[in-house]
Peer 1: 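Starting off with a structure, shown below.
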Amino acid sequence: MENNIKLSEVVGSGKDGRILKEDIFNYLEKQTGAILPPSPKAEITPPPPKPKDMTIPIPVSKPPVFTGKDKTEPIKGFQKAMVKTMSAALKIPHFGYCDEVDLTELVKLREELKPIAFARGIKLSFMPFFLKAVSLGLLQFPILNASVDENCQNITYKASHNIGIAMDTEQGLIVPNVKNVQICSIFDIATELNRLQKLGSVGQLSTTDLTGGTFTLSNIGSIGGTYTKPVILPPEVATGALGSIKAIPRFNQKGEVYKAQIVNVSWSADHRVIDGATMSRFSNLWKSYLENPAFMLLDLK
Ligand code: CAO
């Protein structure tokens with residue numbers, strides 16, 4: 001395809017006339033006189049990295065306009081909603097907790113499952129695994145899936161795990177939630193996430209999609225960053241945020257260096273009702289599911 005070759009014109013020298021890489025090179029050589037690698041085993045120069053692999057920031061689509069004048073405009077829409085929610089969140093004493101998670105096994109697993117999900121019409125990212133692991137953790141630590149009333153007099157333990165996902169859209173930050181994650185398979189979550197992303201990108205999420213969340217996860221790492229200080233979405237009592245997954249050298253149990261796929265997670269909890277030890281135990285459990293994805297199978301409903 002790269003060289004616009006019609007395979008019907010190439011004579012295959014492989015078993016049953018199969019066309020080998022060598023045959024393509026020979027054909028090209030004849031057509032263009034180009035000096036090509038002598039054998040298929042020869043090193044081929046790797047293509048330049050795709051923009052996604054590079055750390056150079058890609059400019060935003062709109063070019064900057066320099067007017068030379070200050071501009072004041074009213075805060076409206078999603079931004080206005082953010083002013084209200086974040087001002088309420090400021091009243092919550094946040095307890096922050098961070099840890100490093102080794103996703104090496106999960107990265108391999110997703111690579112295996114991604115084409116299967118794709119064949120079923122669904123894009124499988126890491127989020128469905130993160131969400132399912134949160135839900136399995138919430139089953140053990142239900143206080144993290146709770147809400148408190150305005151003056152923090154009562155706490156309500158929520159029956160459903162409606163996990164919100166911070167979503168970056170053209171209109172701004174929105175937080176739709178995947179309902180009842182406790183009874184969803186990873187594929188169900190991926191399907192729902194695909195739907196929410198599709199609707200979110202065109203500003204068509206329903207009120208039902210946007211309300212009733214009980215816990216929130218933010219994957220800012222799909223944009224960049226390592227650590228964050230996530231802000232709790234009241235009346236929820238806990239939230240988590242993920243940095244970028246990066247290949248970093250780490251030691252295995254034998255003391256050997258290996259290429260690990262590392263992500264950092266940052267949790268925030270309402271310290272009026274949740275103590276640090278609870279957050280830490282929850283995080284340890286969440287981490288164990290993601291570091292050993294097979295463990296999830298044991299506890300999936
Ligand atoms: N590190 C590295 N790569 C990541 C990643 C991470 N943490 N998270 C996702 N990726 C990869 C995905 O695997 C996917 O790669 P493939 O094309 O190989 O499958 C690619 O990045 C794009 O993923 P995605 O963003 O479409 O899907 P997602 O399910 O991972 O995330 C969503 C969905 C909605 C969380 C994300 O698009 C988003 O909006 N993130 C920003 C959240 C945000 O703004 N948070 C701040 C809240 S406070 O203001």
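The basis for the numbers below is simple: all heavy atoms, side chains too, and nothing from hydrogens, waters or symmetry mates. Just follow the structure's listing: the first ligand is 1, and inside any ligand the first atom is 1.
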Peer 1: Are side-chain N/O atoms of N252 and E256 paired as donor and acceptor at under 3.5 Å?
Peer 2: yes
Peer 1: Do K259 and T104 have side-chain N/O donor and acceptor atoms under 3.5 Å apart?
Peer 2: no
Peer 1: Would you check if there is a donor-acceptor pair between the side chains of D99 and S283 at a distance under 3.5 Å?
Peer 2: no
Peer 1: Between R195 and D209, is there a salt bridge with N-O shorter than 4.0 Å?
Peer 2: yes
Peer 1: Judged by modelled atom types alone, do S147 and E236 share a side-chain donor-acceptor pair under 3.5 Å?
Peer 2: no
Peer 1: Which bit of L242 is near ligand 1, meaning a heavy atom under 4.0 Å away: side chain, backbone, both or neither?
Peer 2: neither
Peer 1: For residues I220 and I232: do they belong to one hydrophobic cluster (side chain heavy atoms under 4.5 Å, members Ile, Leu, Val, Met, Phe, Trp, Tyr)?
Peer 2: no
Peer 1: Evaluating non-hydrogen atoms only, which member of E111, Q197, R110 is closest to atom 12 (C) of ligand 1?
Peer 2: R110
Peer 1: Tell me whether G243 reaches ligand 1 (any heavy atom closer than 4.0 angstrom to a ligand atom).
Peer 2: yes
Peer 1: Is it the case that the side chains of T226 and N264 hold a donor-acceptor pair, with the cut-off being a distance below 3.5 Å and no angle test?
Peer 2: no
Peer 1: I'd like to know if the side chain of T278 pairs up with that of D275 as donor and acceptor (distance under 3.5 Å, no hydrogens or angles considered).
Peer 2: yes
Peer 1: Go through ligand 1 atom by atom and flag the ones less than 4.0 Å from a non-hydrogen atom of L193.
Peer 2: 29 (O)
Peer 1: Centroid-to-centroid, F95 to W267, below 6.0 Å?
Peer 2: no
Peer 1: Which ligand 1 atoms, with their elements, are less than 4.0 angstrom from a heavy-atom of K123?
Peer 2: 24 (P), 26 (O), 27 (O)
Peer 1: With heavy-atom distances below 4.0 Å as the criterion, list the atoms of ligand 1 near I223.
Peer 2: 41 (C)
Peer 1: Just going by heavy-atom distances, which of N219, V265, D168 is nearest to atom 40 (N) of ligand 1?
Peer 2: N219
Peer 1: Can you tell me which portion of S218 lies within the under-4.0 Å heavy-atom range of ligand 1? Options are side chain, backbone, both, or neither.
Peer 2: side chain
Peer 1: Under 3.5 Å between any N/O of L124 and any N/O of ligand 1: does that happen in this structure?
Peer 2: no
Peer 1: What distance separates C184 SG from L131 CG, expressed to the nearest 0.5 Å?
Peer 2: 9.5 Å
Peer 1: I'd like the name of whichever of A166, S222, A190 reaches closest to atom 35 (C) of ligand 1 through any heavy atom.
Peer 2: A166
Peer 1: Under 4.0 Å from ligand 1, counting heavy atoms only, is it the side chain of V263, its backbone, both or neither?
Peer 2: neither
Peer 1: Report the part of V231 in contact with ligand 1, treating N, CA, C, O as backbone and CB onward as side chain, heavy atoms under 4.0 Å; options are side chain, backbone, both, neither.
Peer 2: neither
Peer 1: If you count the atoms of ligand 1 from 1 in the order shown, which ones are under 4.0 Å from a heavy atom of I165?
Peer 2: 35 (C)
Peer 1: Should you measure from each heavy atom of F126, which atoms of ligand 1 turn up under 4.0 Å away?
Peer 2: 13 (O)
Peer 1: Between E192 and N194, is any side-chain donor less than 3.5 angstrom from a side-chain acceptor?
Peer 2: no
Peer 1: Short list, please: which atoms of ligand 1 are under 4.0 Å from a heavy atom of K114?
Peer 2: 16 (P), 18 (O), 19 (O)
Peer 1: Please identify which atoms of ligand 1 are closer than 4.0 Å to at least one heavy atom of S244.
Peer 2: 1 (N), 7 (N)
Peer 1: Quick one: which ligand 1 atoms are inside 4.0 Å of a heavy atom on L173?
Peer 2: 47 (C), 49 (O)
